[in-house]
Amino acid sequence: QAGMVVGGGGTARAAIYALKEMGYAPIYLVGRNKQKLAALTQSFSSEYGIQLLSTEEEAQALSAGQHPAVAIGTIPGDSPIDSGMREILCTIFGASDKAATAAADMATSPAGSKKVLLEMAYKPAVTSLMQLAQNSGWKTVPGLEALVGQGVHQFRLWTGITPVYGRARGAVMGTV
């Protein structure tokens with residue numbers, strides 16, 4: 001199954017690596033700065049199968065089976081999505097001119113599970129990217145959830161102590 005990374009900075013580099021390690025291929029890369037994305041793509045070997053989606057037409061050319069089953073958002077959450085990038089994402093997420101049922105059908109991966117967007121930004125709690133994916137029936141995982149997981153693993157690595165996940169999550173989410 002295909003994966004997708006939205007953005008072209010340092011977090012995007014880590015996201016590409018993670019998707020490759022989890023067996024996703026190809027890995028689509030969508031972002032605002034095409035030159036930066038091309039440089040990022042060239043910094044990985046061809047075995048990563050990274051494909052730039054630079055236009056809405058390139059996104060539309062993908063068959064249903066080529067659409068990503070998982071996406072990782074690495075763009076700032078507190079800014080509007082660039083209009084050109086938004087058109088590509090609407091096509092990928094299935095939000096462009098589709099009825100809700102068609103969007104829900106498209107948001108199901110071939111294995112029958114929901115398509116998932118992991119948002120790495122954690123402010124605001126619901127980003128524009130998350131809203132765009134949710135509107136098309138994708139399951140979204142907010143950035144604070146990733147922050148909790150990262151914090152738990154880092155604490156264990158640094159101290160040798162594994163914190164209680166629920167308490168750590170409550171502290172991050174402000175529910176403790």
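For reference, positions follow the sequence shown, starting with 1. Remember, predicted model here, so these are calculated numbers, not experimental data.
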Undergrad: What's the shortest heavy-atom distance between V152 and P163, and which atoms?
TA: O-CD, 3.9 Å
Undergrad: Does a side-chain heavy-atom distance below 4.5 Å link I88 with M85?
TA: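 Heavy-atom side-chain distance check fails, nothing below 4.5 Å.
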Undergrad: Holding to side chain to side chain donor-acceptor pair (under 3.5 Å), I want the full list of residues that pass it with T159, two or more places apart in sequence or in another chain.
TA: none
Undergrad: Around atom NZ of K36, are there more than 12 heavy atoms of other residues, nucleotides or ligands at under 6.0 Å?
TA: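 Not buried by this count: 12 neighbours or fewer within 6.0 Å.
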Undergrad: So, for G7 and I75, which heavy atoms are closest and what is the spacing to 0.1 Å?
TA: CA-CG2, 3.6 Å
Undergrad: Could you pull out the closest heavy-atom pair between I16 and Y48, with the gap in Å?
TA: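 That would be CG2-CD2, 3.8 Å.
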Undergrad: State whether the side chain of Y24 and the backbone N or O of P68 hold a donor-acceptor pair below 3.5 Å, judged by distance alone.
TA: no
Undergrad: Which atom pair, heavy atoms only, marks the closest approach of G143 to Y122?
TA: C-CB, 3.8 Å
Undergrad: Would you say that V70 contacts Q1 through its side chain, given a criterion of any heavy-atom pair below 4.5 Å between the two side chains?
TA: no
Undergrad: If you take all heavy atoms of G49 and P26, which pair is closest and at what distance?
TA: O-CB, 3.3 Å
Undergrad: If the test is side-chain contact (heavy atoms from CB on, under 4.5 Å), which one of T91, V30, V6 qualifies with L53?
TA: V30
Undergrad: Rounded at 0.5 Å granularity, tell me how far CZ in R32 sits from CD1 in I81.
TA: 12.0 Å
Undergrad: State, to 0.1 Å, how close T140 and Q134 come at their nearest heavy-atom pair, and which atoms those are.
TA: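 The answer is OG1-NE2, 2.7 Å.
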Undergrad: Please say which of K115, K114, M130 ends up in a side-chain contact (heavy atoms from CB on, under 4.5 Å) with W138.
TA: K115
Undergrad: Answer yes or no: are there more than 12 heavy-atom neighbours, outside Q35 itself, under 6.0 Å from its atom CD?
TA: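 No, CD of Q35 has 12 or fewer neighbouring heavy atoms, counting only those of other groups under 6.0 Å.
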Undergrad: Measure from the side-chain N and O atoms of E58 to the backbone N and O of S54, and report whether any donor-acceptor pair falls under 3.5 Å.
TA: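 Here the side-chain-to-backbone pair exists.
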